[in-house]
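Accompanying notes for the structure given below.
Residue numbering restarts at 1 for every chain, and letters A, B, ... go by the order of the sequence lines.
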Number of protein chains: 2
Amino acid sequence: MQRTPYRRPGPGTRPFSHRLAQESGLASIKDVAQRAGVSTTTVSRVLTTPGAVRAPLRERVEQAIADLGYRPNLAARRLRQRRASIVGLIVSDIRSPFFTDVGRAVEDVAYRNGLRLILCNSDENPAKEQSYLELMADEQASGVILSPTMEGLRRLRPGDWPFPLVLVDRALESSRVDRVVLDNHAAARRATEHLLQSGYRRIALLAGIHSTTGQQRHAGYADALAAHGLAPRPLWLDPTRDAGQRATAQCLAAPPAERPDALLATNGLLLLGALQAVQAAGLRTPQDIGIAGFDNNDWTALPALDVTTIAQPTYDIGRTAAELLLQRMQDPARPARRVVLEGELVARGSSARS
Amino acid sequence: MQRTPYRRPGPGTRPFSHRLAQESGLASIKDVAQRAGVSTTTVSRVLTTPGAVRAPLRERVEQAIADLGYRPNLAARRLRQRRASIVGLIVSDIRSPFFTDVGRAVEDVAYRNGLRLILCNSDENPAKEQSYLELMADEQASGVILSPTMEGLRRLRPGDWPFPLVLVDRALESSRVDRVVLDNHAAARRATEHLLQSGYRRIALLAGIHSTTGQQRHAGYADALAAHGLAPRPLWLDPTRDAGQRATAQCLAAPPAERPDALLATNGLLLLGALQAVQAAGLRTPQDIGIAGFDNNDWTALPALDVTTIAQPTYDIGRTAAELLLQRMQDPARPARRVVLEGELVARGSSARS
DNA sequence: GTGAAAGCGCTAACAC
DNA sequence: GTGTTAGCGCTTTCAC
């Protein structure tokens, strides 16, 4: 592929290249060395090892770098160092607001630390997830942040991959890997108790079927109900709006005495679907039916909806995961950490019957 | 940094490495060549040039590759080829649903074509945008998809960068660069005409101040009003929910005869803010005030909101941008293309007064 | 503290 | 069609 000759962009943003090396049009470390009258070793040291080169020489090198508009070739550096300053983020779908926030946080931390973020969507497909992990190995990534599929999680062994791995959102209790997760059990229990306090008794759960979080949230929900001698009514669903809507509509079609008097959705999409069905059925919250759900998405606060939610510290989750990764990169030997963050119940009108 | 020895993950997913090369623990092309009894050139050809090596030899090489679990070193390949299979996506903030969708589409296309997606958030900061573009140059990216800041757009010249560039969402009429944009003028005009048809006359516009899209949408809105002899009432705002909410609340505080009878928001966040303020003021749509806005976010369809929107083909925009980039990579000489996609008016209850 | 020299893993001329 | 050889740009021993 043909390449236009490289020019520092923008007028005066940075010094122009006065001289160009080789056919590539780019100055190399050799050109810098030559211009500064030193060896390439010295240039390299100025670039990578602070304090290794004495001031007068260092300044000459820095001048040459500036004059030539030199920029190090990352491919060469990586080939030599056998490691790329790249972080992979593998999630099921970046369009999920939860992962969007996480991704943004990870990118912020990565950028501040001179790392690039490669984004990967696994679509809950273990094969695609595997393929992306292999890609990251090929890239010699410095680390990967992964929200694993159920199968991927089951299959995962420490040492499988040549890079440190941090799990987000989904993990097994037992796994000996760095990870940052929500206290799903407590959050779901808290939300369920809140609905119980509001006087609801026939509380149905819309739970995502593909993730450990769905299971853990189900457990918290079931425990809260059990403490009141009530039976759980879980609906295991694809975590999509449509699935939530269809399941809810079906629920609501039951005779009034049997149908649930409240709904708890384990993620934002299911919550949206549930609301859609409830409103389409002409039911009002909180009188006719109570509603609460995970993910405090911005629209839930609209007065016309006023939906009770569990707010997840999404940005914090991503930031913490990235920080764990950085720490692990610095100290590969340290014991695995499990960071558990708390969800916050945001009680709003949709569950305020009492 | 210490590295655990590389092992193909998962039992039986792919053949294990039987032999390990050098200290790195990874088989190199040399090991493959040796095992197959050929030169490294032949191995390289098997890897990169289909049909260049005859069947018997090729099969021997492929067997050796499988036996050793060989994977090519991308850094070495890039160093040699002076080009990385990397695509950069630079947007203001991936958390904006518009860019989330675009990003997802770009990643899909990239993955199918063996390209990695590096994600960058510029935060509307021209310096950060510039820094990311330089990063992409350092990465020897194959191409970049950019939603530029206003200043970045003004500064941009063809040939500035050593990679093909495709603009999304924001571009100047004149710029001679591949780009895919919405017909903002037509979309805003259409939405405004729709509000006029519903009988609204004092239509205020909440317009994002940082982007060309805001300006173009303002022009479409103003033209529609002018055709009816009406004066535009633009509010130029930071494109955030809070700004939209504050500005709307202030608007609504005016005496009834002066305050707008309809609001048009030029993006999803401003629309959300406007709704928040309208509902908080106890006003009903469409009776007390009409509402319409850009970005057909999923929550806008909820019966309790039922907001009229302009749906942007967000995924298509991203997909098209990625495809333009691929085509440009194959043919650097071809003339720049400008793809204009149409928004679709989704008329709902919030504007149905007539 | 600085330089000379080797080599990371791969591909692309160029020979045969 | 296949092999030999050089070298991409950088870092890292190892001398001095």
Per-nucleotide protein contact string for nucleotides 1-7 of chain C, where B marks a base within reach and S marks sugar-phosphate only (heavy atoms under 4.0 Å, - for neither): SBBBBBB

Residue of the set A:Val144, A:Leu324, A:Leu146 for which side-chain contact (heavy atoms from CB on, under 4.5 Å) holds with A:Leu167: A:Leu146

Out of C:dC8, C:dC10, D:dC10, whichever nucleotide has its closest atom nearest the side chain of A:Leu79: C:dC8

Interatomic distance, B:Leu74 CG vs C:dC8 C1' [rounded to whole Å]: 14 Å

Contact under 4.0 Å: A:Ser28 side-chain N or O vs D:dG9 OP1/OP2: no

Atom pair distance, as rounded to whole Å: CD1 in A:Ile65 and C1' in D:dG9: 14 Å

Helical bend (five base pairs per end, nearest 10°) for the helix from C:dG1-D:dC16 to C:dC16-D:dG1: 30°

Could you pull out all donor-acceptor pairs under 3.5 Å where a side-chain atom in residues 105-118 of chain A meets a protein atom, sequence neighbours excluded?
unit_1: A:Glu107; atom_1: OE1; unit_2: B:Asn121; atom_2: N; d: 3.4
unit_1: A:Glu107; atom_1: OE1; unit_2: B:Asn121; atom_2: ND2; d: 2.8
unit_1: A:Glu107; atom_1: OE1; unit_2: B:Tyr132; atom_2: OH; d: 3.3
unit_1: A:Glu107; atom_1: OE2; unit_2: B:Tyr132; atom_2: OH; d: 2.0
unit_1: A:Asp108; atom_1: OD1; unit_2: A:Arg104; atom_2: NE; d: 3.0
unit_1: A:Asp108; atom_1: OD1; unit_2: A:Arg104; atom_2: NH2; d: 3.0
unit_1: A:Asp108; atom_1: OD2; unit_2: A:Tyr315; atom_2: OH; d: 2.4
unit_1: A:Tyr111; atom_1: OH; unit_2: B:Ser131; atom_2: OG; d: 2.9
unit_1: A:Asn113; atom_1: ND2; unit_2: A:Val109; atom_2: O; d: 2.8
unit_1: A:Arg116; atom_1: NE; unit_2: B:Glu139; atom_2: OE2; d: 2.5
unit_1: A:Arg116; atom_1: NH1; unit_2: A:Gly114; atom_2: O; d: 3.4

Rounded interatomic separation in angstrom, taking CG from A:Asp31 and P from D:dC8: 11 Å

Protein-nucleotide distance (B:Lys30, atom NZ; C:dT11, atom P), rounded to Å: 15 Å

Salt bridge (charged side-chain N to carboxylate O under 4.0 Å, His left out) involving A:Glu62 - partner list, sequence neighbours excluded: A:Arg58

Separation of D:dG9 C1' from B:Arg83 CZ (nearest whole Å): 17 Å

Side chain to side chain donor-acceptor pair (under 3.5 Å) partners for B:Arg176, two or more places apart: none

Nearest-Å distance for atom pair CZ/P, residues A:Arg82 and D:dC10: 18 Å

Distance-only side-chain donor-acceptor flag, B:Gln327 / B:Asp331, under 3.5 Å: no

side-chain N/O A:Arg78 vs C:dC8 OP1/OP2, d < 4.0 Å: no

B:Glu59: salt bridge (charged side-chain N to carboxylate O under 4.0 Å, His left out) partners, not counting sequence neighbours: none

Length of the line joining A:Ile29:CD1 and D:dC8:P, which is rounded to integer Å: 13 Å

For A:Asp178, all residues meeting side chain to side chain donor-acceptor pair (under 3.5 Å), sequence neighbours excluded: A:Arg328

Under the side chain to side chain donor-acceptor pair (under 3.5 Å) test, residues paired with A:Arg60 that sit two or more places apart: none

Residues in salt bridge (charged side-chain N to carboxylate O under 4.0 Å, His left out) contact with A:Arg45, at least two apart in sequence or another chain: none

Atom pair distance, as rounded to whole Å: CG in A:Leu68 and P in D:dC10: 12 Å

